[in-house]
Amino acid sequence: MDRFEWIDFSLQPGESNVISQSGVALYDGPDKTSFNDGLMVLTTHRLIWKDTLNRSRVLAVSLSLVVRIEEQPSGFAKSAKIEVHLQKANSGKAPGPVASSQHDYVRLSFRNSGEVEFYRYFMEQLRERRWEKTVPPADPVSGGGARNRPGIMGIERSIQHKQRDMDMNISQSFKDLRMLMEKAKEMVQLSKTISTKIREKQGDITEDETVKFKSYLLSMGIADPVTRETHGSGDKYFTELARQLAAVLEKPLQECGGIMTLSDVYCRVNRARGMELLSPEDLLNACEMFEFLKLPVRLKTFDSGVMVLQLLSHSEEEVVRQTQALLKDKESLTAEELAQQLGLSVILAKERLLLTEKMSKACRDETVEGLRFYPNYFVTK
Amino acid sequence: MHRRGAGIAAIKNKNLAQARYKDKGTEIAEGQVAQMAKQMETFKVHLENFASQHKEEIRKNSEFRVQFQEMCASIGVDPLASSKGFWAEMLGVGDFYYELGVQIVEVCLATGHRNGGLIGIEELRDRVVKSRGKKSQDISIDDLLRAIKKLKVLGNGFSVISCGRSYMVQSVPGELSMDHTSVIQQAQNSAYVTVSQIKKNLNWETERIHRALDYLVKEGLVWTDKQSSETQYWFPSLFAGAMNAS
């Protein structure tokens, strides 16, 4: 409470009103105070309290002193509150209602409610930190010309300063989970800045290929994974999951040549889901829905028991058409030649040729030199 | 005041000063990179801690979960860090083995371009442990085998091959392997390959070479010729090309 100052209500240059709420009481830490009915005003720079009855009783605290805020939901016969944690004020502070207080926080009690909106705007202001952006009153001549053009020392000092701030910021934010949640946006930004800077200088964040790969997989996050909690446990869960899987997997499948083993899928999907782990059984169940839901991805089981997901565009007609065109081009192909042409494994290439033959678009020539396929001239000529 | 033109000495001085500025600049930049690396390390430690301590809370808050994942992605931290716990140990239930499964497949995928999808279980363990981060508890071979067993429902794409006292893990099934194609490429000019030739050119392990060649033999794609000191594997399909080449 000792951080508050008496003020006459006028906005500073660059300051503007954000939101106000009537019927707000101030608490010094857990204790009630005489400031029990007023208008709470949030500006871009300050938190201001105006007494409803005595208009000249106006208190303010600068937002730069706010460390963090916390919501406290209303309870039985208890209004909702916002707890505002404050740091020590500068020594040059104007006099306030209380000379010293043992509490490092005040509570705003919202008797006429409105706390949810207020909290939201409050958080927004704390994130934007607009009070920092206004030009500070120019330091009257003290630095002189030298201030305008800092030397190397100055640059080094400012770099050091920035880094110290960053270190502080990181260790502060990771103090506890709530702090991190509040500062999450900033920290995400910072983590990205750091990793891009390091990438610029060293080429990559690490030598370890697994970590690199992990980082790549994680970055394809699913924002809102389907879970049992959100979609129940029955068919609905699996159909929704199947839809999401198909959407997420389409691109990686294309990159892999249209085919991926189910264990690869398991890894990729779970990485994208982050902490919402999917069990192998659930994954399989969802994949079995693809055909029923007419999604562009299909589950296929090879004779050997290997299960893969395939893109539908990788489907038979497309494969046959492609193979037929290649046969025409090259006049004849073996499985090995096709494998090299397409960068596939020999076994898959052989399957393609056999499929094309089955659709009567190719003819085989089986000799001691192996199996060779020709375009089906019986039909075309 | 009249400004004098610069003399040779002045130009020299200027050049010297510029060189010094440049040195200083590099020095500062290097210092900054070192600092960044340090910050990244701090970040990593913190994220690992949070992932293992606050898993449930992070999961509950969807907005934050996305942000947490973004941080993990840019720093390269594994967000999955459940410890084994009593039930996992006794019954094999819980997220621990599922997580391990994800991490195992990930290691196999990341190293696949080097080993063709075949990895020794010791190497696999080292890599998994390393990628789980410093906070992780020790992972035994048995844990790995259990986790792989859980992946069995996903088909035969992922299998454990017992060889001697140790195990190999195969993550790319025969149907999809690129190894055969590489072998054929080796035989392109002469229409045949030998084990030592592949070893020399592709730097594969003997185990991997035999696996690829055996499969091709089984599929009838190569013929063996045991007349010379080392077995030659011939590709009938490449005879014509080889004739033309020679």
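Just so it is clear, the structure is predicted and the values come from calculations on it, not from any experiment. Quick note: numbers below take in every heavy atom, side chains included, and nothing from hydrogens, waters or symmetry partners. Letters go in sequence order (proteins before strands), and every chain restarts at 1.
Using a 4.5 Å cut-off between heavy atoms, B:Val107 touches chain A through backbone and side chain atoms alike. Of the atoms belonging to A:Leu217, it is side-chain heavy atoms, and not backbone ones, that fall under 4.5 Å from chain B. For A:Arg164, no part lies near chain B; criterion is any non-hydrogen pair under 4.5 Å. Using a 4.5 Å cut-off between heavy atoms, A:Glu337 contacts chain B through its side chain alone, with no backbone atom that close. If you measure heavy-atom distances from A:Val308 to chain B, the contacts under 4.5 Å come from the side chain alone. For chain A, the nearby parts of B:Leu47 are the backbone and the side chain; heavy atoms of each come within less than 4.5 Å. Neither the backbone nor the side chain of B:Trp234 comes within contact range of chain A, judged by heavy atoms closer than 4.5 Å. Residue contact with chain A, scored on non-hydrogen atoms closer than 4.5 Å, involves the backbone of B:Val77 exclusively. Only the side chain of A:Lys350 comes within contact range of chain B, with at least one heavy atom under 4.5 Å from a heavy atom of that chain.
Across B:Gly101 and A:Tyr266, no two heavy atoms sit closer than the pair C-CE2, 4.1 Å. Taking each heavy atom of A:Ile194 and B:Gln39 in turn, the nearest pair found is CD1-CB, 3.9 Å. Taking both residues in full, the closest heavy atoms of B:Thr181 and A:Gln340 are given as CG2-CG, 4.2 Å, listed atom of the first, atom of the second, then distance. Closest non-hydrogen pair, B:Val105 versus A:Cys267, comes out as CG1-CB, 3.4 Å.
A 4.5 Å side-chain heavy-atom check between B:Arg65 and A:Glu276 finds at least one atom pair inside the cut-off. Here the side chains of A:Glu281 and B:Lys150 are not in contact, with every heavy-atom distance at 4.5 Å or above. No side-chain heavy atom of A:Asn270 sits less than 4.5 Å from a side-chain heavy atom of B:Tyr98. The shortest distance between side-chain heavy atoms of A:Met187 and B:Gln67 does not fall below 4.5 Å. Under the 4.5 Å side-chain criterion, counting only non-hydrogen atoms from C-beta, B:Phe43 is in contact with A:Ile170. Counting heavy atoms from C-beta outward, B:Leu109 and A:Asp264 have side chains that approach closer than 4.5 Å.
Panel note: side chain B:Gln69, backbone A:Arg271; a donor-acceptor pair is recorded below 3.5 Å.
With respect to chain B, the highest number of heavy-atom pairs below 4.5 Å among A:Ala349, A:Ala339, A:Ser279 belongs to A:Ser279. Across B:Lys152, B:Glu106, B:Gln185, the residue that shares the most heavy-atom pairs under 4.5 angstrom with chain A is B:Glu106. The choice from A:Thr261, A:Thr193, A:Leu299, A:Val188 that makes the most heavy-atom pairs within less than 4.5 Å of chain B is A:Val188. Interface summary for chain A: among B:Phe50, B:Phe235, B:Tyr21, the most heavy-atom pairs under 4.5 angstrom belong to B:Phe50. The candidate with the highest count of non-hydrogen atom pairs below 4.5 Å against chain B, out of A:Arg268, A:Met307, A:Lys214, is A:Lys214.
With rounding to the nearest 0.5 Å, the separation of NZ in B:Lys38 from CE in A:Met166 is 11.5 Å.
Annotation for B:Lys149: atom NZ does not count as buried by contact number, only 12 or fewer foreign heavy atoms lying within 6.0 Å. For A:Arg127, the CZ atom sits in a packed shell: over 12 heavy atoms of surrounding residues, nucleotides or ligands are nearer than 6.0 Å. Counting non-hydrogen atoms of other residues, nucleotides and ligands closer than 6.0 Å to CD of A:Glu255 gives a total above 12.
For the residue pair B:Ser74/A:Ser191, the side-chain donor-acceptor check at 3.5 Å is satisfied.
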